[in-house]
Amino acid sequence: MTIKMKITLITVGKIKEKYFTDAIKEYAKRLSRYCKLEIIELEDEKTPERASEAEERQIKEKEGDRILKAIKDGSYTIALAIEGKKKTSEQLAAEIERLGIQGKSHICFIIGGSLGLDERVLKRADEWLSFSDMTFPHQLMRVILLEQIYRSYRIIQNEPYHK
């Protein structure tokens with residue numbers, strides 16, 4: 001029997017819309033066949049309307065403190081960042097499979113708040129992953145990431161999945 005890999009999503013901010021919550025629950029249910037999924041929702045900081053650079057830096061630092069505390073020792077950490085490497089679904093699947101073969105039993109994905117990730121979080125990450133040059137709301141990004149992780153496991157298992 002193979003041990004299921006643990007996948008953790010560390011996310012900043014709450015999901016407010018029911019349709020996002022429903023989609024997240026659906027992908028969590030689908031993923032339960034392939035991995036142990038944990039979603040850690042951290043509180044976001046309220047950003048003033050016209051925040052100064054210093055205020056934005058402080059907000060990212062506070063959110064960064066929470067994120068860094070939530071990262072488990074020994075987890076392979078992937079930060080979602082616009083500056084990160086873009087991958088195809090097949091490349092992400094190959095990486096998840098490779099990490100498992102190398103004995104990594106825990107992958108941690110990090111989705112920052114509306115201002116992005118603090119520098120310390122980016123430095124702590126083993127790699128940066130970008131889904132697009134566009135910016136997405138963190139609620140939607142959570143759904144997109146879960147869908148891609150699910151798709152990765154379907155690819156790894158040679159199971160059909162619509163293109």
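Counting begins at 1 with the first residue of the sequence.
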| So do Thr47 and Ser114 actually touch side chain to side chain, heavy atoms under 4.5 Å? | yes
| query | Given Tyr76, which of Glu127, Gln102, Lys104 fulfils the side-chain hydrogen bond (donor to acceptor under 3.5 Å, both in side chains) condition? | reply | Glu127
| Any side-chain donor-acceptor pair under 3.5 Å between His106 and Thr8? | yes
| Between Lys85 and Glu95, does at least one N-O distance fall below 4.0 Å, as a salt bridge requires? | no
| task | May I ask you to decide if Gly64's main-chain N or O and Arg120's side chain share a donor-acceptor pair within less than 3.5 Å? | result | no
| query | Is the number of heavy atoms from other residues, nucleotides or ligands within 6.0 Å of NZ (Lys86) greater than 12? | reply | yes
| said: Within this structure, what is the CG-CZ distance for the pair Leu140 and Phe131, rounded to the nearest 0.5 Å? | reply: 11.0 Å
| field | Side-chain heavy-atom pair Glu119, Arg124 within 4.5 angstrom cut-off | value | no
| field | Ile10 and Ile111, any side-chain heavy atoms less than 4.5 Å apart | value | no
| remark: Interatomic distance, CD@Glu61 vs CD@Glu45, rounded to 0.5 Å, equals 11.0 Å
| Quick one: are Met5 and Ser105 in side-chain contact, heavy atoms under 4.5 Å? | no
| field | Residue pair Leu31 / Tyr150: nearest heavy atoms and the distance that separates them | value | CD2-CA, 3.6 Å
| message | Using the rule that Ile, Leu, Val, Met, Phe, Trp and Tyr join whenever any side-chain heavy atoms are under 4.5 Å apart, tell me whether Ile101 and Ile96 fall into a single cluster. | response | no
| message | Check this for me: does any side-chain nitrogen of one of Glu56 and Lys60 sit under 4.0 Å from a carboxylate oxygen of the other? | response | no
| said: Tell me whether the count of non-hydrogen atoms from other residues, nucleotides or ligands lying under 6.0 Å of NZ in Lys62 goes above 12. | reply: no
| said: Arg151 vs Glu147, test: salt bridge (charged side-chain N to carboxylate O under 4.0 Å, His left out). Steps then yes/no. | reply: CA-CA 6 Å; Arg151 184 181 294 265; Glu147 189 280 334; 2.9 Å; yes
| note | Scanning both residues in full, the closest heavy-atom pair of Gly112 with Val12 reads C-CB, 3.8 Å
| Between Trp128 and Leu122, is any pair of side-chain heavy atoms under 4.5 Å apart? | yes
| Looking only at heavy atoms, what is the nearest atom pair of Asp133 and Ile82, with distance? | O-CD1, 3.9 Å
| said: Does Lys69 have more than 12 heavy atoms from other residues, nucleotides or ligands lying within 6.0 Å of its NZ? | reply: no
| request: Take Glu63 and Arg66 through the salt bridge (charged side-chain N to carboxylate O under 4.0 Å, His left out) test and state the conclusion after the steps. | output: CA-CA 5 Å; Glu63 291 175 350; Arg66 292 184 193 120; 5.4 Å; no
| note | Residues Cys108 and Ser75: closest non-hydrogen pair is CB-OG, 3.8 Å
| request: Dump the intermediate steps for salt bridge (charged side-chain N to carboxylate O under 4.0 Å, His left out) on Lys14 and Asp44, then the final yes or no. | output: CA-CA 8 Å; Lys14 298 261 183 272; Asp44 58 346; over 6 Å; no
| task | Please determine if Asp22 and Lys18 form a salt bridge, counting it only when a charged side-chain N lies under 4.0 Å from a carboxylate O. | result | yes
| Contact check, side chains of Leu9 and Ile110, non-hydrogen atoms, under 4.5 Å | no
| Ile40 and Thr11: CA distance, side-chain angles, deciding distance, side-chain contact (heavy atoms from CB on, under 4.5 Å) verdict | CA-CA 6 Å; Ile40 299 172; Thr11 65; over 6 Å; no
| query | Do you see a donor-acceptor pair shorter than 3.5 Å between the side chains of Gln148 and Ser89? | reply | yes
| said: Once rounded to the nearest 0.5 Å, what's the spacing between atom CD of Gln91 and atom CG of Leu129? | reply: 10.5 Å
| note | Separation between OG1 (Thr77) and CG (Leu68), nearest 0.5 Å, reads 9.5 Å
| query | Can you name the closest pair of heavy atoms from Pro48 and Ile59 and give their distance? | reply | CD-CD1, 3.9 Å
| request: Check whether any side-chain heavy atom of Leu92 sits under 4.5 Å from a side-chain heavy atom of Ile155, and report yes or no. | output: no
| query | Does any N or O in the side chain of Asp126 come within less than 3.5 Å of the main-chain N or O of Ile78, such that one atom is a donor and the other an acceptor? | reply | no
| task | With rounding to the nearest 0.5 Å, note down the distance linking OG in Ser32 to NZ in Lys4. | result | 6.0 Å
| query | Does a side-chain heavy-atom distance below 4.5 Å link Arg142 with Phe20? | reply | no
| message | One pair to check against side-chain contact (heavy atoms from CB on, under 4.5 Å): Ile15 and Glu41. What are the steps and the verdict? | response | CA-CA 9 Å; Ile15 299 290; Glu41 262 187 3; 3.7 Å; yes
| query | Taking atom SG of Cys35 and atom CD1 of Ile107, what is their separation to the nearest 0.5 Å? | reply | 9.0 Å
| query | Stepwise, does the side-chain contact (heavy atoms from CB on, under 4.5 Å) test hold for Phe109 with Leu145? | reply | CA-CA 9 Å; Phe109 291 90; Leu145 176 59; 3.6 Å; yes
| query | Do Ile7 and Leu42 share a hydrophobic cluster, counting only Ile, Leu, Val, Met, Phe, Trp and Tyr and linking them when any side-chain heavy atoms are less than 4.5 Å apart? | reply | no
| query | Can you hop from Ile39 to Ile71 via hydrophobic side chains spaced under 4.5 Å? | reply | no
| Tyr34 side chain to Arg154 side chain, donor-acceptor N/O pair below 3.5 angstrom | yes
| Of all heavy-atom pairs between Ala79 and Leu117, which one has the smallest distance, and what is that distance? | CB-CD1, 3.7 Å
